[in-house]
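Taking it in order: structure first as structure tokens, then the write-up.
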Amino acid sequence: MAKMTFGLARPAQYGSIMGLPGPILQGILPLLNIYYLERIEETAVKKGLSTQPIWCKLWFDVIKTRPSRLESIKCWRKKFLETFFSNVLRGILDVSSDQRLSDPCFLPLLHTSQHVTQLTVYSMLEGVLELMAKHNRRVLENLTVSLRSLTFRHLLSTSLSTRQQLSLFLHHLIHHGSVNHLSMYSWPDPDSELLVLILKMSAGVWHPGKMLTSQESLCHLCREKSVDWSQKPDQKQNLLLGSSQLLPNSTAGPCSDGDLRNEQGLPNVSLESVPSFENAAELARTSLPEQTANSGDGRLGRSPFQSRTQHRTSSEICSTEEGSLKTVQAGPSSGKPQKRFRAGKRRSHLRHSRAATESEDLYDFLFAVAREEGGKALWSQRSRGEEGESLAHDSPLSVEAASTTSLIGPDGAQLTGITALRTTSHFRSVSTLEVFSIPLTKNTCQMLGNLLSSWVSLEKLVLSLNGLGSNIISILSGLRALSRHSDYCLRVVCISDMFTYIPCMNLVHSLLSAVPLLQKLLVSFDLRNPMEGNRPEETLDTACLEDKIPESHLEHLEIRFPREPLQTSLLLPVLKASKTLQSLSLESVAISCPEEVGLLLQALKEYSPNLRSLSFHDVNLSGHSKEVLFLLQDPILQEITFSFCRLFEDSTAEFLSEIINAVKKNTSLKTLKLPGNRLGNHRLIALADIFSEDSSSSICHLDVSSNCIKPDGLLEFSKKLESYNVQRAEQIKFTKLCLHQNWLDQDTVTAQEALWRLKALCSVVSDRWDSSQAFADYISVM
């Protein structure tokens, strides 16, 4: 019967199946293979039929994995086809193993690629090589339209030819495609060449150089553009330089540490005026003469020259490649240039060489012409004296200082910031960059800082467990340079690491000062810098924290302190500058002075009128009962979290009833999270009084995870809720209960009854947690 039904789903009979009545079509749908099932989706929906149960069954029959409980699956069809595509690409799924997966009329990758919005590439980039093969060109074209998120996991070093294919792959999907989100995970020993390639391509920076030796090697979209350019030679002179021209031609070829350091995009200066600077990297790492008198100890401030920074033409800050024209600025005491351009001769030579050989790269030719025209315009400006008196009086080093950021590390060392790449990117870039568990060296951070300096389309930056250390200075400098662009889009920054190089509040102040338009900021560190204890305490002076933070647009702030003491005075400038703050989370902060908590709450009341969510995690609040009650009575807060705060450790017997009464009278509080506070059975049962008949509470979400709750206590809690629900004139508003990591495995029968009763009242989120094993793990690490 199955064979006969599958035989109906052939091209000749497909039209007749589409026209079948709904009841008959409903019986045929489960017997179709995935290709015809995908094609008939629209017809089924028009007839009031759903294919979701069929795709869900296919998932468990073929993929055989249970989706994460945290994942909300809205469409099983998309979920299955996306995973099916990935597994076939990686070679871990054999389509011939199931009759529903194969059909001689369909190619698996081609006919599922249009549904792929997320793609993960692993290890040796085998999937990239397969997609770049000629027979998969249409697959790549489909991905160019559909793909939104690209992830790299567990990458390994690759050959030059593989990097070339990867660069073309990213060129299609990012520069000509729709990829907005790029993530990299778990790369303990990253290949610097491969890492730099991915970062540069993500930022829209690509200069193929000699990698593409002929026009036929270009992607078809670039080839079409090159045809247009060849037909309109007069427009070549108006071609804008992309930021790719500011970096060495090492995208696909070998990439040395020197290449990374030199990707600074700094202006060329006279070697006579600055004889000790051998390259741009040395210039970027050397403290400015005017700033050497400054002393600091963790200060991350602005350069005093920023107020007179002028936006110059891209040719002024462009460090050209070998063989290109070079711009040499005037010396400190001379108003005349030391070297003239020979644009006409060079341009003529390039045109003749382009006509004589096909190996001359089209990009080199076009960008060289654009550079020469920009240089010629610059020479004309200077000859007419339009530069003004600033260049006549300032040394080249001072001119460079006008576009850099002065930073002072905790050890008192002076660090010069990054010059923004003030040119229009030639290619499209992603809007979200995430880098997880990948060590970033000093040179890589300098390169990333320079990319960030002109990455105006970037909306979200996530750097996690990268071992940044002092290299975070380069990231901050790049962000400062980025904020000088009026159209920058960065709104979310998340930085987390094992060790902190500078105090958390110092970093928060610096980030908000660098990027005033931030809407969400997360700063998280597990441990203090092990070298920090060896430095004198005065080297950690927080003088820069006294500088006023410009008005910000911050809405969400999360800080995980490496057991640093709470200092409300350092948080005050942040609160004053962030009038729009809606959510604040403080984690692992030590309370050395009891008055600090009261000062914090008073500051929140005064400076954060729009605060809706407040969270404390791993903060000892056992001696702060009054402050806890004060928060629970707040008429503005809608969500409060006390996670592992030891609330009842030293509390009185009346404290629990005071909490319940405060919540019962609060009509604005909708979410109360109390995980890890050792509630036990008796306190959980008492919390049910929040929903009593005389309560005005609006609590919808209650989290009592990790609270030593046993099945009998949960059953009593559920019965009490049922009785209150019957007594009330209207049903209680309670909609969600979280019960993760409680002792419900001690009596599964009682636990199941309690859960059954609770699910009739609200949504219950629980897990199968082995409390005995967890206790054994706890004992093993004591």
Side-chain angles (χ1 to χ4, degrees), residues 1-68 71 73-122 126-143 145-147:
M1 175 64 183
K3 289 185 178 180
M4 180 179 65
T5 306
F6 271 102
L8 291 175
R10 291 290 179 258
Q13 290 83 20
Y14 182 67
S16 59
I17 293 178
M18 300 275 284
L20 289 174
I24 299 177
L25 183 60
Q26 186 174 15
I28 293 177
L29 288 178
L31 303 176
L32 297 176
N33 64 38
I34 61 172
Y35 308 103
Y36 288 106
L37 183 62
E38 185 272 334
R39 296 182 67 185
I40 209 170
E41 175 81 15
E42 185 178 350
T43 300
V45 170
K46 290 181 179 179
K47 295 181 180 291
L49 304 176
S50 174
T51 61
Q52 292 300 303
I54 304 174
W55 291 111
C56 181
K57 185 177 186 302
L58 278 167
W59 173 273
F60 289 103
D61 291 348
V62 177
I63 308 301
K64 300 178 181 178
T65 60
R66 181 179 294 276
S68 170
E71 182 181 9
I73 301 176
K74 298 180 180 179
C75 180
W76 280 101
R77 172 198 183 200
K78 178 183 178 298
K79 175 72 174 175
F80 175 83
L81 292 177
E82 200 167 58
T83 307
F84 174 80
F85 177 92
S86 178
N87 289 353
V88 171
L89 182 64
R90 296 175 59 195
I92 62 177
L93 178 61
D94 183 9
V95 295
S96 62
S97 62
D98 193 311
Q99 189 178 10
R100 294 170 294 180
L101 308 180
S102 61
D103 192 288
C105 300
F106 294 91
L107 298 175
L109 291 180
L110 178 61
H111 287 86
T112 56
S113 57
Q114 59 183 325
H115 298 281
V116 178
T117 59
Q118 304 176 57
L119 180 64
T120 301
V121 177
Y122 294 88
E126 299 92 341
V128 172
L129 299 178
E130 176 65 20
L131 290 173
M132 291 304 297
K134 290 184 178 180
H135 62 272
N136 282 324
R137 177 175 175 178
R138 291 178 60 194
V139 177
L140 186 62
E141 291 177 352
N142 284 345
L143 292 177
V145 176
S146 65
L147 197 65

Review point. Are a donor atom and an acceptor atom from the side chains of Q114 and S146 found within less than 3.5 Å of each other?
Key: no
Exercise for review: Starting at CG of L147, measure out to CG of L140 and round the result to the nearest 0.5 Å.
Suggested key: 10.0 Å
Exercise for review: Check whether any side-chain N or O of E38 sits under 3.5 Å from a backbone N or O of T112 as a donor-acceptor pair, and report yes or no.
Suggested key: no
Study note, to complete from the structure: In terms of heavy-atom contacts, L143 and S113 come closest through CD2-O, 3.9 Å
Exercise for review: For residues L110 and N142, report the shortest heavy-atom separation together with the two atoms involved.
Suggested key: O-ND2, 3.5 Å
**Study point:** Audit row: E130, N136, side chain to side chain donor-acceptor pair (under 3.5 Å) steps and yes/no
**Key:** CA-CA 7 Å; E130 176 65 20; N136 282 324; 3.0 Å; yes
Point to revise | Distance-minimising heavy-atom pair for K47 and L25 | key: CD-CD2, 3.7 Å
Check your understanding: If you look at every heavy atom in K74 and Q52, which pair is closest and at what distance?
Key -> O-OE1, 4.3 Å
May I have the list of side-chain donor-acceptor pairs in residues 84-95 shorter than 3.5 Å, sequence neighbours left out?
residue : atom : partner : partner atom : Å
D94     : OD1  : S96     : N            : 3.2
D94     : OD1  : S96     : OG           : 2.7
D94     : OD2  : S96     : OG           : 2.8

**Study point:** Side chain to side chain, W76 and P67, heavy atoms closer than 4.5 Å
**Key:** yes
Check your understanding: Are W59 and F80 near enough that their ring centres are under 6.0 Å apart?
Key -> no
Review point. Between atom CZ of R100 and atom CG of L31, what is the distance when rounded to the nearest 0.5 Å?
Key: 10.0 Å
Review point. What is the distance from atom CG of L119 to atom OG1 of T117, rounded to the nearest 0.5 Å?
Key: 10.0 Å
**Study point:** CD1-CD1 distance between I28 and I40, expressed to the nearest 0.5 angstrom
**Key:** 7.5 Å
**Study point:** Smallest separation among heavy atoms of Q99 and N33, with atom names
**Key:** O-CB, 4.2 Å
Check your understanding: If you look at every heavy atom in T65 and F60, which pair is closest and at what distance?
Key -> O-CE2, 4.0 Å
Practice item. Applying side chain to side chain contact (heavy atoms under 4.5 Å, CB included), run through W55 and L37 and close with a yes or a no. Key: CA-CA 9 Å; W55 291 111; L37 183 62; 3.6 Å; yes
Study note, to complete from the structure: Rounded to the nearest 0.5 angstrom, the CD-OG1 distance for E41 and T51 is 3.0 Å
Point to revise | By ring-ring contact (aromatic ring centres under 6.0 Å, His included) - contacts of F106 (at least two apart) | key: Y35, Y36, H111
Exercise for review: Supply the atom-to-atom distance R77 CZ to I34 CD1, rounded to the nearest 0.5 angstrom.
Suggested key: 11.5 Å
